[in-house]
**Student:** 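First the structure, which I've put down as structure tokens, then a few questions once you've had a look.
Residue numbers begin at 1 in each chain, while the letters A, B, ... track the order of the sequences.
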Number of protein chains: 2
Amino acid sequence: MSKRVVGPEIERLIQLMAKLPGLGPRSARRAALHLIKRREQLFTPLTKAMGDVLESVVVCGTCSNVDTCDPCTICADATRDAAMICVVEEVGDLWALERAGAIKGRYHVLGGTLSALDGIGPDDLNIAGLIERSSASEVEEVVLAVNATVDGQTTAHYITDRLEGQDVKVSRLAHGVPVGGELDYLDEGTLAAAVKARRPF
Amino acid sequence: MSKRVVGPEIERLIQLMAKLPGLGPRSARRAALHLIKRREQLFTPLTKAMGDVLESVVVCGTCSNVDTCDPCTICADATRDAAMICVVEEVGDLWALERAGAIKGRYHVLGGTLSALDGIGPDDLNIAGLIERSSASEVEEVVLAVNATVDGQTTAHYITDRLEGQDVKVSRLAHGVPVGGELDYLDEGTLAAAVKARRPF
């Protein structure tokens with residue numbers, strides 16, 4: 001608001017909420033009002049939940065996942081397959097794969113991708129830790145679940161090179177038609193990849 | 001997530017954030033990760049800002065606006081025109097009018113609209129306070145800035161009836177073509193109202 005019509009505390013709350021992904025200045029105002037109107041049901045519990053997470057959140061010393069314990073819930077889970085390490089760029093990717101229930105092994109979060117443009121080199125990512133983990137005798141496969149972007153693929157190639165000589169299988173996610181997707185809406189690159197990797201019906 | 005892969009504190013944070021307007025389960029996860037990754041720049045200050053507002057927010061005893069002082073910043077502003085009271089449904093409407101800088105007077109927040117369907121009657125709204133305020137000798141005009149919905153208009157008519165006999169002018173917002181709007185995209189009701197209320201060029 002150009003002229004101040006609410007107290008500075010509320011203005012500051014709106015400003016900070018607008019920095020959340022998915023919220024802009026307008027929806028941040030709406031969200032702030034929503035909170036103020038639902039003091040007991042939402043505002044107080046959410047503030048407390050944020051304080052709890054702030055106090056307890058840690059980065060896993062093994063895989064760089066975020067959790068409230070170190071090692072994280074996944075690294076500490078003895079039922080997980082120790083033979084497989086799935087490499088992801090960000091924690092959000094790990095969560096997405098877990099929702100799919102697709103990975104029986106453990107993870108390794110790089111914290112980004114190599115990027116010449118942004119000046120991000122191997123030392124800026126959690127790659128050394130991955131090389132060390134994958135040298136353990138029980139590890140048999142490293143699955144590169146990085147994004148299908150140029151930077152993601154560059155990073156995948158770099159990691160593959162670094163793992164050469166180690167006794168591990170390196171794999172990557174399949175390219176193809178998304179399940180439920182319509183061919184007409186897919187880009188040519190994906191279609192070409194799907195045809196090339198066609199399988200017997 | 002079906003199976004628990006993060007600590008309960010983080011799960012609870014995501015659940016509560018998903019209740020904010022504009023965020024769903026997926027974007028709440030993204031927002032929570034965003035916070036966790038930006039601990040110093042955003043997570044800590046936002047948690048503190050929420051605590052500050054929780055502690056200081058009050059409802060204005062005069063107009064029902066929310067603010068951190070009572071009377072609110074607007075009611076306390078002596079430069080405001082005491083002759084005009086602008087009636088709105090919700091605090092968000094008040095903020096919208098303030099952003100437009102359109103109202104020189106003060107406000108009155110009803111807290112909703114009359115609604116037979118939802119069982120909301122005059123006593124559930126802040127109408128008695130409005131009748132009392134508008135009976136003060138300095139008040140000359142009551143602007144009904146309620147939404148152009150059926151319930152909004154019903155509420156406007158009810159208030160007009162209640163104000164009958166008081167020495168105040170009752171007005172409502174103009175209907176017409178939104179500034180910057182294209183005729184082709186407007187509904188017939190708005191177009192008809194705009195033609196009916198046409199003015200000399």
**Student:** I need the residue from A:Leu23, A:Leu20, A:Leu33 with the largest number of non-hydrogen atom pairs under 4.5 Å to chain B.
**Tutor:**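 Top option by heavy-atom pairs under 4.5 Å: A:Leu33.
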
**Student:** Is chain A contacted by the side chain of B:Ile36, its backbone, both, or neither, given a heavy-atom distance below 4.5 Å?
**Tutor:**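 Side chain only.
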
**Student:** Taking side chain as everything from C-beta outward and backbone as N, CA, C, O, which of these in B:Glu90 sits under 4.5 Å from a heavy atom of chain A? Side chain, backbone, both or neither.
**Tutor:**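 Just its side chain gets close to chain A.
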
**Student:** Of all the heavy-atom pairs spanning B:His34 and A:Lys19, show the shortest one and how long it is.
**Tutor:**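 Smallest heavy-atom distance, with atoms named: NE2-O, 3.3 Å.
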
**Student:** Would you say that more than 12 heavy atoms from the other residues, nucleotides or ligands in this model lie under 6.0 Å from the CG of A:Asp187, or not?
**Tutor:**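 Counting other residues, nucleotides and ligands, CG of A:Asp187 exceeds 12 neighbours.
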
**Student:** Can you tell me how far apart CZ (B:Arg26) and CZ (A:Arg99) are? Round to the nearest 0.5 Å.
**Tutor:**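 Rounded to the nearest 0.5 Å, the CZ-CZ separation comes to 5.0 Å.
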
**Student:** Would you name the heavy atoms of B:Ala31 and A:Pro21 that are closest together and state the gap between them?
**Tutor:**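 Of all heavy-atom pairs spanning B:Ala31 and A:Pro21, the closest is CA-CG, 3.8 Å.
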
**Student:** Can you tell me which of B:Lys37, B:Arg38, B:Arg12 forms the most heavy-atom pairs within a distance under 4.5 Å of chain A?
**Tutor:**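 Of B:Lys37, B:Arg38, B:Arg12, B:Lys37 has the most heavy-atom pairs under 4.5 Å with chain A.
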
**Student:** Which atom pair, heavy atoms only, marks the closest approach of B:Pro8 to A:Thr68?
**Tutor:**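 Nearest pair, atom of B:Pro8 first, then A:Thr68: CD-OG1, 4.5 Å.
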
**Student:** In terms of heavy-atom contacts, does CD of B:Glu138 have more than 12 from other residues, nucleotides or ligands at under 6.0 Å?
**Tutor:**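 Counting neighbours around CD of B:Glu138, more than 12 heavy atoms of other residues, nucleotides or ligands fall under 6.0 Å, so yes.
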
**Student:** Please report the closest heavy-atom contact between B:Gly22 and A:Arg30, naming both atoms and the distance.
**Tutor:**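 Shortest heavy-atom separation between B:Gly22 and A:Arg30 comes out as N-NH2, 4.1 Å.
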
**Student:** Which bit of B:Leu94 is near chain A, if near means a heavy-atom gap under 4.5 Å: side chain, backbone, both or neither?
**Tutor:**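 For B:Leu94, neither part sits under 4.5 Å from chain A.
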
**Student:** Among residues 139-161 of chain B, which residues come closer than 4.5 Å to chain A, judged by heavy atom distances?
**Tutor:**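 Contacts with chain A: none.
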
**Student:** Within residues 39-64 of chain B, which positions have a heavy-atom distance to chain A below 4.5 Å?
**Tutor:**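 Interface residues of residues 39-64 of chain B: B:Arg39, B:Leu42, B:Phe43, B:Thr44, B:Pro45, B:Leu46, B:Thr47, B:Ala49, B:Met50, B:Gly51, B:Asp52, B:Val53, B:Leu54, B:Ser56, B:Val57.
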
**Student:** Calculate, to the nearest 0.5 Å, the distance between atoms CD1 and CH2 belonging to B:Ile14 and A:Trp95 respectively.
**Tutor:**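 One finds 4.0 Å between CD1 of B:Ile14 and CH2 of A:Trp95.
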
**Student:** Is it the case that the side chain of B:Asp67 and the backbone of A:Gly7 share a donor-acceptor pair, with hydrogens and angles ignored and the cut-off at 3.5 Å?
**Tutor:**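 Checking the backbone N and O of A:Gly7 against the side chain of B:Asp67, a donor-acceptor pair under 3.5 Å is found.
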
